[in-house]
Amino acid sequence: MAIIETEATLHEAHRDNHTHRDVNGGWLRPAVFGAMDGLVSNLALMTGVAGGAVSQQTIVITGLAGLAAGAFSMAAGEYTSVASQRELVQAELDVERRELRKHPADEMAELAALYVSRGVEPDLAREVAAQLSKDPAQALEIHAREELGIDPDDLPSPLVAAVSSFGSFALGALLPVLPYLLGATALWPAVLLALTGLFACGALVARVTARSWWYSGLRQLALGGTAAAITYGLGALFGAAV
């Protein structure tokens, strides 16, 4: 009895802890990329303009224009990219669907051969392939997973990707502009807030990817700070030349 209870406890622990995060969704990558890109690109754009010794109004207009242009560009790019990828997948699924309809025996043999190549006994592989092939929808899903490496029921949404990119880019790009909108008259509050945001984004991403939060945060801080410093230097150089 004690052994049975121990096995049940281990089984429950495995069930409770053996869960995975969604790695196929269409929102995470564009949201993370959009926020980082918004922060870095608008911070670099504003520091570059500020390096040219322009007026505060020019810096604010530049930041707002960069926010709007970048957000729409990111959304359009993500929508087109994900929609094109989805259309390609759908086209390949149509090919597989026709093959299953025209050559069911060949497709079943192909599936059995795949299982055999993975170590399943030939007779058992043929039996499993035959049972899975009885349902056309299930057969399509199995072939899509095995041959294309995709889940037909879990394709990324172009709209979700576009909205995620737009919102995250706009939020990231707003941080460098926000101090000016709140009355700041110098560049350093905008830089400080943007760099803080970069570190926070990097640390937040680490919670999703299971990396060290301080390493991820410092990495984003260093990349964004380097970009801002270079563009400020270029702005000062070109501004003096002009």
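- The two atoms that bring Ala190 and Pro179 nearest to each other are CA-CG, 3.6 Å, heavy atoms only.
- Remark: Leu39 CG to Leu195 CG distance equals 9.0 Å, nearest 0.5 Å.
- Across every non-hydrogen atom of Leu132 and Gln138, the tightest pair is O-NE2, 3.3 Å.
- Taking the side chain as every heavy atom from C-beta outward, Ser41 and Phe169 approach each other to under 4.5 Å.
- More than 12 heavy atoms of other residues, nucleotides or ligands lie within 6.0 Å of OH in Tyr115, so this atom counts as buried by the packing criterion.
- Hydrophobic clustering (ILVMFWY, side-chain heavy atoms < 4.5 Å, transitive): Ile59 and Leu181 are in one cluster.
- For the pair Glu146 and Arg118, the salt-bridge criterion is met [side-chain N within less than 4.0 Å of a carboxylate O].
- Note: Phe72 CZ to Leu67 CG = 9.5 Å, rounded to the nearest 0.5 Å.
- Residues Leu155 and Val89 meet the side-chain proximity criterion, which asks for heavy atoms closer than 4.5 Å.
- Residues Met36 and Cys201 come closest through the heavy atom pair CE-CB, 3.4 Å.
- To the nearest 0.5 Å, the span separating CG on Asp37 from CG on Asn42 amounts to 9.5 Å.
- The side-chain heavy atoms of Leu218 and Trp214, taken from C-beta on, include a pair separated by under 4.5 Å.
- Of the possible polar contacts, none joining the Arg86 side chain to the Pro158 backbone as a donor-acceptor pair under 3.5 Å is found.
- Here Gln90 contributes atom CD and Ile150 contributes atom CD1; the two are 8.0 Å apart, rounded to the nearest 0.5 Å.
- One N or O on the side chain of Ser117 and one on the backbone of Leu114 form a donor-acceptor pair closer than 3.5 Å.
- Under the 4.5 Å side-chain criterion, counting only non-hydrogen atoms from C-beta, Glu96 is in contact with Glu107.
- Within a 6.0 Å sphere centred on OH of Tyr232, other residues, nucleotides and ligands contribute 12 heavy atoms or fewer.
- At least one donor-acceptor pair under 3.5 Å links the side chain of Ser168 to the backbone N or O of Ser165.
- Tyr180 has its side chain within reach of Leu187: a pair of non-hydrogen atoms, C-beta onward, lies under 4.5 Å apart.
- Contact check for Val82 versus Ser157: no side-chain heavy atoms found under the 4.5 Å cut-off.
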Evaluation steps, side chain to side chain contact (heavy atoms under 4.5 Å, CB included), between Thr62 and Leu45: CA-CA 8 Å; Thr62 300; Leu45 178 64; 3.5 Å; yes

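- No donor-acceptor pair under 3.5 Å is formed between the side chain of Gln220 and the backbone N or O of Ala200.
- Cluster annotation: Val163 and Val160 are assigned to distinct hydrophobic clusters (Ile/Leu/Val/Met/Phe/Trp/Tyr, side-chain heavy-atom contacts under 4.5 Å, transitive).
- Ala227 and Val40 get closest at one heavy-atom pair: CB-CG1, 3.9 Å.
- In this structure, Leu192 shares a hydrophobic cluster with Trp188, the cluster being traced through Ile, Leu, Val, Met, Phe, Trp and Tyr side chains under 4.5 angstrom apart.
- The line from CG of Leu175 to CG of Leu43 is 10.0 Å long, rounded to the nearest 0.5 Å.
- Side-chain heavy atoms closer than 4.5 Å link hydrophobic residues (I, L, V, M, F, W, Y) into clusters, and following such links, even through other members, never connects Leu171 to Val60.
- A chain of hydrophobic side-chain contacts below 4.5 Å, direct or via other Ile, Leu, Val, Met, Phe, Trp or Tyr residues, connects Leu64 to Val54.
- Counting non-hydrogen atoms of neighbouring residues, nucleotides and ligands closer than 6.0 angstrom, the CD atom of Glu121 reaches no more than 12 such neighbours.
- Proximity of a side-chain donor or acceptor of Ser133 to a complementary backbone N or O of Ala130 within less than 3.5 Å is not detected.
- The shortest heavy-atom contact between Thr47 and Val191 is CG2-CG2, 4.0 Å.
- Using a 4.5 Å heavy-atom cutoff, the side chains of Tyr79 and Phe166 are not in contact.
- Within the 3.5 Å criterion, the main-chain N or O of Thr80 finds a donor-acceptor partner in the side chain of Ser84.
- The shortest side-chain heavy-atom distance between Glu147 and Glu110 falls under the 4.5 Å cut-off.
- Taking each heavy atom of Ala129 and Met108 in turn, the nearest pair found is CB-O, 3.6 Å.
- Residues Tyr215 and Leu223 are members of separate hydrophobic clusters, defined by side-chain heavy-atom contacts under 4.5 angstrom among Ile, Leu, Val, Met, Phe, Trp and Tyr.
- Atoms CD1 and CE, from Ile61 and Met46 in turn, are 11.5 Å apart once rounded to the nearest 0.5 Å.
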